[in-house]
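The next block holds one structure in the form of structure tokens; read it before the comments.
Values in this document were obtained by computation on a predicted structure and should not be read as measured data. Each chain gets a letter, A, B and so on, in the order its sequence line appears, and its residues count up from 1.
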There are 2 protein chains.
Amino acid sequence: MATIEDVAKAAGVSRSTVSYALSGKRSISPETRQRIDAAIKILKYTPNAGARALRTSQTSVLGLLVQFHDDEFAPAMLQYILPIADTARSLGYDILMMTEADGAEALTRTTESGMVDGLVLLDVTDDDPRLDALRAARQPSVLVGLPGNTRGLDVVDLDFEGAARTLVDHLHELGHRELILVTPPQHVYDRGGAYSWRFRDAAAQRAAALGIGLAVHCGESQQPAINQSWHDFLDGSPGATGLIVHNDASVAALPHVLHQRGIRVPDDLSVVSLYSQDFARWFSLPYTFVDSSPSMLGQLAVEQLARRIQASDHAGPHGTRLLSADLVDRDSTREV
Amino acid sequence: MATIEDVAKAAGVSRSTVSYALSGKRSISPETRQRIDAAIKILKYTPNAGARALRTSQTSVLGLLVQFHDDEFAPAMLQYILPIADTARSLGYDILMMTEADGAEALTRTTESGMVDGLVLLDVTDDDPRLDALRAARQPSVLVGLPGNTRGLDVVDLDFEGAARTLVDHLHELGHRELILVTPPQHVYDRGGAYSWRFRDAAAQRAAALGIGLAVHCGESQQPAINQSWHDFLDGSPGATGLIVHNDASVAALPHVLHQRGIRVPDDLSVVSLYSQDFARWFSLPYTFVDSSPSMLGQLAVEQLARRIQASDHAGPHGTRLLSADLVDRDSTREV
DNA sequence: CTGAAAGCGCTTACAG
DNA sequence: CTGAAAGCGCTTACAG
């Protein structure tokens with residue numbers, strides 16, 4: 001591979017001149033610049049990333065920490081990963097993706113060795129075991145998902161409380177007075193996925209304030225338990241006129257279950273949910289929903305991280321940013 | 001961050017001794033080793049990745065080139081990415097994931113700058129625009145997916161021809177003589193996704209050889225076109241007793257369509273397909289299938305790539321390896 | 001069994 | 001507007 005020395009020789013200048021021509025940090029005469037550009041093109045010169053990183057302590061690489069759980073509904077994950085990768089690239093960064101179970105180890109390994117300029121953490125839990133290592137790292141980071149203790153951290157997440165209230169209010173305004181809420185499965189609570197109880201508690205509180213009956217159930221994550229649980233929930237609340245679903249695997253199975261039972265939406269039952277546009281498309285889901293906005297969250301996270309990295313004054317964290325979610329009306333609800 | 005110099009001082013030895021203690025490339029006295037290990041632990045020393053890469057021209061990073069298409073059924077992608085990341089890590093590599101549209105540029109950028117030791121390419125097409133850049137790169141690589149011209153390349157892919165024959169034979173042995181085949185959507189053919197015609201042509205040839213009638217249709221990739229196309233296909237072949245589906249989005253919608261039409265499987269119709277275990281689980285698909293084995297393919301690809309990277313003799317490519325796929329019988333077929 | 005030193009390919013303060 | 005030189009943190013051939 002060509003080095004900066006090769007380019008300098010070919011262009012008849014010094015290495016420093018080539019370097020400055022590349023960085024634009026000092027003015028170069030037009031003729032010199034032309035010779036350098038020509039040499040770079042001919043030699044197909046690309047600066048060596050390792051040498052640059054060694055010299056500048058900057059890698060132009062962001063670490064992305066993803067956690068996978070066997071019991072998880074994985075299709076949803078990619079919706080976060082792609083916009084993160086795309087936004088990173090548009091800001092000049094590449095993505096080093098780590099999927100191993102021991103996220104804290106991966107975090108330490110890549111930060112201590114200087115492989116990354118910053119980190120994005122996905123699937124953050126209430127008491128996330130990666131946070132101690134994160135606070136000890138010298139690189140900045142952004143979490144997607146709200147942990148219990150946000151001290152010293154940058155966090156981006158959906159406003160799940162607001163989303164829950166939006167959906168309860170929507171059904172309340174249409175006259176519904178008895179609702180069913182299906183939440184994420186039990187293991188999400190157990191694991192500390194705070195979005196599960198943040199949504200649930202806000203929905204319950206709002207329903208209580210509005211005098212609405214709300215039957216709350218943990219949904220399942222695997223067939224055939226999912227379909228069975230649906231039958232149980234529906235049988236258990238024969239008077240319910242509205243259904244709020246906050247559970248990807250369960251809502252994906254819902255059209256089939258409702259069809260089986262001969263329940264028409266919205267004629268017999270009003271249904272609202274919380275998921276993303278892409279998810280709705282993949283699973284052909286026709287329900288009114290609050291957009292979980294994974295691409296917006298991913299984009300915000302990376303933009304915030306890039307800002308932190310480039311902040312010359314080593315400014316402290318920006319804090320927690322909760323994205324308020326919009327209702328997308330798909331006419332799966334009706335007045336009662 | 002602590003450097004090797006810090007460790008050397010703390011342990012009262014030279015930098016080279018620390019380096020050799022770390023690499024194990026020469027013997028170190030037990031006392032010295034102990035002092036070094038202690039210093040490393042106290043200082044939390046991790047070698048700087050940039051410096052090591054500069055010196056050794058090895059990064060312990062593999063590039064992963066993923067291509068996304070707006071019209072694609074993205075959930076399937078993650079099944080390849082995860083096992084690749086896991087296998088890489090178990091072999092000591094991290095993954096630099098590139099998702100940008102211009103894969104050739106990403107490839108050149110990361111190889112020329114020495115950011116990666118090797119590359120895995122996903123979604124390889126018949127006339128893949130990344131292959132010229134790939135052949136010019138100094139790092140080895142492995143493709144997942146068979147291109148038209150494999151000269152000088154390492155390829156891992158499913159034996160789609162064998163999979164097609166397995167499925168046709170399975171139905172033939174049960175007495176079926178009139179079948180429907182639903183293939184990937186037209187845009188997959190247009191894009192050069194060779195698996196589409198490899199499967200189709202092998203199925204057609206086998207059916208012809210066995211004297212079976214085979215109605216071949218391109219499936220759709222988006223609702224509501226998917227459901228409509230299913231009705232067209234089924235209406236168009238009222239005498240068909242067996243259905244072969246090679247289309248993720250279409251097969252995901254099939255249970256609902258069959259239920260709508262009151263078609264019972266296998267009583268009224270035998271159904272077989274080609275997809276992965278995870279896919280079947282996510283979409284609750286109950287059909288007999290040939291396992292598309294994404295995790296096996298990802299693992300084989302990375303193992304082969306690691307072998308190429310570590311081959312001291314710069315051995316040439318291993319060639320093309322087609323994984324023969326197994327039939328998983330889920331009792332969605334019956335004798336006719 | 002251990003050390004001193006060269007050098008990987010950059011960037012940038014210093015000098016002109 | 002341009003150049004010579006130091007130094008980032010490693011690894012390894014050379015020397016003992």
Side-chain angles (χ1 to χ4, degrees), chain A residues 1-37 39-40 43-61 92 109-117 138-139 312, chain B residues 1-37 39-40 43-61 109-117 138 312:
Chain A
M1 289 294 97
T3 70
I4 198 170
E5 175 77 36
D6 300 328
V7 175
K9 273 185 185 154
V13 297
S14 71
R15 288 180 314 181
S16 43
T17 302
V18 176
S19 180
Y20 283 117
L22 244 29
S23 69
K25 287 191 181 173
R26 73 183 185 193
S27 47
I28 309 283
S29 75
E31 309 85 61
T32 304
R33 158 142 277 147
Q34 209 150 22
R35 290 210 311 281
I36 291 175
D37 288 346
I40 286 174
L43 297 171
K44 289 171 178 284
Y45 170 67
T46 309
N48 180 279
R52 187 173 263 181
L54 175 57
R55 178 58 224 238
T56 64
S57 301
Q58 292 265 311
T59 61
S60 292
V61 173
R109 175 166 47 85
T110 52
T111 54
E112 295 277 305
S113 65
M115 295 178 79
V116 298
D117 291 345
R138 64 180 189 280
Q139 292 92 339
S312 47
Chain B
M1 290 295 98
T3 70
I4 198 170
E5 175 77 34
D6 300 329
V7 175
K9 274 185 185 153
V13 297
S14 71
R15 289 179 314 181
S16 41
T17 301
V18 177
S19 180
Y20 282 117
L22 244 28
S23 69
K25 287 190 181 173
R26 73 181 184 193
S27 45
I28 309 282
S29 75
E31 310 85 62
T32 305
R33 157 141 280 145
Q34 211 151 18
R35 290 208 312 280
I36 291 175
D37 287 347
I40 286 174
L43 297 170
K44 288 172 178 282
Y45 170 67
T46 309
N48 179 278
R52 187 173 262 182
L54 175 57
R55 178 57 224 240
T56 64
S57 301
Q58 293 265 314
T59 61
S60 293
V61 173
R109 175 166 48 83
T110 51
T111 54
E112 296 277 305
S113 65
M115 296 177 79
V116 298
D117 291 345
R138 66 181 187 282
S312 48

Inset, instruction - For C:dA4, give its Watson-Crick or G-U wobble partner with both distances under 3.5 Å, or none. - result: none
Legend entry - Complementary nucleotide of D:dA13, counting Watson-Crick and G-U pairs under 3.5 Å: none
Inset, instruction - Please check if atom CD in B:Q34 has more than 12 non-hydrogen atoms from other residues, nucleotides or ligands closer than 6.0 Å. - result: no
Legend entry - Earlier contact from the 5' end, DNA chain D, for B:R52 and A:S57: A:S57
Inset, instruction - Give a yes or no answer on whether the side chain of B:S19 reaches the backbone of B:R15 with a donor-acceptor pair at less than 3.5 Å. - result: no
Legend entry - Rounded distance in Å between the C1' positions of D:dG16 and D:dT12: 16 Å
Legend entry - Nearest-Å distance once atom P is located in both D:dG9 and D:dA13: 23 Å
In whole Å, I'd like the distance from the [atom1] atom of [X] to the [atom2] atom of [N].
X	N	atom1	atom2	result
A:R35	D:dC1	CZ	P	14 Å
B:Y45	D:dG9	OH	P	10 Å
A:N48	D:dG9	CG	P	17 Å

Nucleotide N/O of nucleotides 12-16 of chain D paired with protein N/O under 3.5 Å:
{"residue": "D:dT12", "atom": "OP1", "partner": "B:K25", "partner atom": "NZ", "Å": "3.4"}
{"residue": "D:dT12", "atom": "OP2", "partner": "B:K25", "partner atom": "NZ", "Å": "3.1"}
{"residue": "D:dT12", "atom": "O4'", "partner": "B:R55", "partner atom": "NH2", "Å": "3.2"}
{"residue": "D:dA13", "atom": "N7", "partner": "B:Y20", "partner atom": "OH", "Å": "3.3"}
{"residue": "D:dA13", "atom": "N6", "partner": "B:Y20", "partner atom": "OH", "Å": "3.1"}

Inset, instruction - Report yes if a side-chain nitrogen or oxygen of A:S29 is closer than 4.0 Å to either non-bridging phosphate oxygen (OP1 or OP2) of D:dT2; otherwise report no. - result: yes
Legend entry - Phosphate contact (D:dG3 OP1 or OP2) by A:S14 side-chain N/O below 4.0 Å: yes
